[in-house]
A.B. asks: 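Structure provided below as structure tokens; questions to follow.
Remember, it's 1-based here, ligands and their atoms both numbered in the order they're listed.
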Amino acid sequence: MNSFVFESSHPEDTGELASRLAGLLFPGAVLTLEGDLGAGKTTFTKGLAKGLGIKRNVNSPTFTIIKEYSGGKLPLYHMDVYRLGDQEEDLGFEEYFEGEGITVVEWAHLIKDQLPEERLDIEIVHIENDRRQITFSAKGESYLKLCKELFKNESNSA
Ligand code: ADP
Ligand code: MG
């Protein structure tokens with residue numbers, strides 16, 4: 001009931017969906033991104049940045065766990081916690097979650113105990129070639145409302 005499934009057949013589809021989502025986000029929104037390496041988590045984040053009006057190129061923060069992008073309608077905090085492994089290190093994530101900006105966390109399960117209860121979980125599954133299945137799971141009313149708006153013209157709630 002709180003899940004919405006989107007089929008992407010191109011990197012551009014994924015980017016466009018993320019850009020549309022960006023237009024609906026509210027200050028302080030938290031998004032998690034799960035999926036294997038190469039699934040499209042960073043591609044999604046790039047689309048999100050574009051939708052927020054951020055001009056700088058977003059890339060995978062290999063050595064930096066948190067990158068901040070300003071210049072858009074809201075700041076974007078891009079986290080890739082892959083490198084943390086299972087240590088659940090606390091790098092002051094909460095300050096970002098509670099901040100004005102949009103937080104996107106790749107590999108969020110690695111810091112699951114530190115995530116806010118209300119958030120939008122996004123899972124990307126590689127189907128074949130350029131096809132991806134993207135599932136949105138809303139945790140909390142405001143995210144549910146947002147998903148309903150994002151998918152209002154499609155019949156893909158699960
Ligand atoms: P991750 O951050 O999950 O490791 P990336 O976004 O860095 O993944 O890489 C995904 C790769 O897959 C990119 O090279 C992208 O162009 C490609 N790709 C192919 N089809 C899609 C699709 N439908 N959605 C997203 N990425 C796709
Ligand atoms: Mg990535």
Side-chain angles (χ1 to χ4, degrees), residues 3-25 29-72 74-93 96-97 99 101-116 119-139 143 146-147 149-158:
S3 295
F4 301 78
V5 180
F6 179 87
E7 291 255 351
S8 166
S9 31
H10 243 274
E12 287 76 22
D13 283 352
T14 301
E16 265 172 41
L17 177 70
S19 278
R20 273 203 288 134
L21 171 65
L24 300 171
L25 290 173
V30 176
L31 316 178
T32 72
L33 282 169
E34 297 288 352
D36 293 337
L37 267 177
K41 301 182 292 300
T42 300
T43 302
F44 190 96
T45 309
K46 283 174 192 279
L48 201 75
K50 194 174 168 194
L52 288 172
I54 291 164
K55 300 278 189 297
R56 251 173 79 204
N57 185 42
V58 170
N59 49 27
S60 264
T62 319
F63 297 108
T64 342
I65 287 176
I66 306 171
K67 273 196 186 173
E68 289 188 48
Y69 297 88
S70 52
L74 289 168
L76 174 67
Y77 313 131
H78 182 203
M79 304 182 182
D80 186 329
V81 299
Y82 183 73
R83 240 169 35 90
L84 287 182
D86 292 327
Q87 305 164 46
E88 285 254 347
E89 204 173 323
D90 190 341
L91 298 176
F93 298 118
Y96 290 93
F97 298 145
I102 306 299
T103 309
V104 176
V105 193
E106 297 193 34
W107 303 100
H109 68 274
L110 295 171
I111 58 161
K112 59 181 181 310
D113 294 341
Q114 297 173 61
L115 296 172
R119 59 182 195 257
L120 180 58
D121 288 337
I122 304 167
E123 189 187 12
I124 310 181
V125 176
H126 185 182
I127 302 179
E128 52 167 22
N129 303 323
D130 283 1
R131 285 181 56 216
R132 304 289 190 272
Q133 182 176 286
I134 308 178
T135 305
F136 291 72
S137 305
K139 305 277 160 67
Y143 293 96
L146 193 154
C147 285
E149 183 63 26
L150 182 63
F151 291 108
K152 69 179 174 202
N153 296 320
E154 303 180 45
S155 51
N156 40 13
S157 75

A.B. asks: Kindly say whether L76 contributes a backbone atom to a donor-acceptor pair with the side chain of K67 at under 3.5 angstrom?
C.D. replies: no
A.B. asks: Distance check below 2.8 Å: does D80 bring an N, O or S atom to the Mg ion (ligand 2)?
C.D. replies: no
A.B. asks: Against ligand 1, does K46 come closer than 4.0 Å with any heavy atom?
C.D. replies: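 No, that is not the case, since the closest heavy atom of the residue is not under 4.0 Å from the ligand.
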A.B. asks: Of the side chain and backbone of T43, name the one, both, or neither that has a heavy atom under 4.0 Å from an atom of ligand 1.
C.D. replies: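 Both the backbone and the side chain of T43 come within reach of ligand 1.
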A.B. asks: State, yes or no, whether a side-chain contact exists between R132 and T43 at a heavy-atom distance under 4.5 Å.
C.D. replies: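 A side-chain contact is absent here, since even the closest heavy-atom pair is not under 4.5 Å.
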A.B. asks: Does L37 reach ligand 1 with a nitrogen or oxygen that is under 3.5 Å from one of the ligand's nitrogen or oxygen atoms?
C.D. replies: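 No: no nitrogen or oxygen of L37 is under 3.5 Å from one in ligand 1.
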A.B. asks: Taking the side chain as C-beta and beyond, is there a heavy-atom pair between K46 and F44 under 4.5 Å?
C.D. replies: no
A.B. asks: Is there a donor-acceptor contact under 3.5 Å from the side chain of K41 to the main chain of G35?
C.D. replies: yes
A.B. asks: So do L25 and L48 actually touch side chain to side chain, heavy atoms under 4.5 Å?
C.D. replies: yes
A.B. asks: Does any N or O of ligand 1 fall below 3.5 Å from an N or O anywhere on G38, backbone included?
C.D. replies: yes
A.B. asks: Taking R20 for its side chain and L150 for its backbone only, find out whether a donor-acceptor pair lies under 3.5 Å.
C.D. replies: yes
A.B. asks: Heavy-atom contacts with S8 under 4.0 Å: which atoms of ligand 1 show up? List them by number with element.
C.D. replies: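 Answer, ordered by atom number: 22 (C), 23 (N), 24 (N).
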A.B. asks: Counting only N and O atoms by type, is there a donor-acceptor contact under 3.5 Å from the side chain of Q133 to the main-chain atoms of V5?
C.D. replies: no
A.B. asks: With respect to the Mg ion (ligand 2), please indicate if Y82 possesses an N, O or S atom at a distance under 2.8 Å.
C.D. replies: no
A.B. asks: Give the residue, atom name and distance (to 0.1 Å) of the protein heavy atom nearest atom 27 (C) of ligand 1.
C.D. replies: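 Nearest neighbour among protein heavy atoms for atom 27 (C) of ligand 1, to 0.1 Å: R132 NH2, 3.6 Å.
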A.B. asks: So if I count the atoms of ligand 1 from 1 in the order they appear, which ones are less than 4.0 Å from some heavy atom of E106?
C.D. replies: 2 (O)
A.B. asks: Decide whether an N or O pair under 3.5 Å exists between D130 and ligand 1.
C.D. replies: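 Yes.
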A.B. asks: Report the nearest protein non-hydrogen atom to atom 16 (O) of ligand 1: residue, atom name, distance rounded to 0.1 Å.
C.D. replies: P11 CG, 3.5 Å
A.B. asks: Any idea which protein heavy atom is nearest atom 24 (N) of ligand 1, and the distance to it?
C.D. replies: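 Answer for atom 24 (N) of ligand 1: T14 OG1, 2.7 Å.
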A.B. asks: Could you report the tightest heavy-atom contact between T14 and G40, atom names first, then the distance?
C.D. replies: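 The pair with the smallest heavy-atom distance is CG2-O, 4.4 Å.
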A.B. asks: Answer yes or no: is there a side-chain heavy-atom contact under 4.5 Å between F136 and L17?
C.D. replies: yes
A.B. asks: Please tell me if atom 14 (O) of ligand 1 is touched by the protein, where touching means a protein heavy-atom distance below 4.0 Å.
C.D. replies: no
A.B. asks: Taking N or O atoms only and a 3.5 Å limit, does R131 qualify as a polar contact for ligand 1?
C.D. replies: no
A.B. asks: Specify which N/O/S atom of E106 comes nearest to the Mg ion (ligand 2), by atom name.
C.D. replies: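 Result: OE1.
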A.B. asks: Looking at D36, which atoms of ligand 1 are within less than 4.0 Å of one of its heavy atoms?
C.D. replies: 3 (O)
A.B. asks: Pair V30, Y143 - check side chain to side chain contact (heavy atoms under 4.5 Å, CB included), show working.
C.D. replies: CA-CA 9 Å; V30 176; Y143 293 96; 4.3 Å; yes
A.B. asks: What part of I124, side chain, backbone, both or neither, has a heavy atom within less than 4.0 angstrom of ligand 1?
C.D. replies: neither
A.B. asks: Tell me: protein heavy atom nearest atom 8 (O) of ligand 1, and distance?
C.D. replies: G40 N, 3.2 Å
A.B. asks: When you measure from the heavy atoms of I134 to every atom of ligand 1, does any distance fall below 4.0 Å?
C.D. replies: no
A.B. asks: When you check the side-chain N and O atoms of T42 and E106, is any donor under 3.5 Å from an acceptor?
C.D. replies: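 Short answer, yes.
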A.B. asks: Could you identify the single nearest non-hydrogen protein atom to atom 7 (O) of ligand 1 and state the distance to 0.1 Å?
C.D. replies: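 Looking at atom 7 (O) of ligand 1, the protein heavy atom closest to it is T42 CB, 3.7 Å.
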A.B. asks: In this structure, are over 12 heavy atoms from other groups packed under 6.0 Å from K50 atom NZ?
C.D. replies: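 Result for NZ/K50: open.
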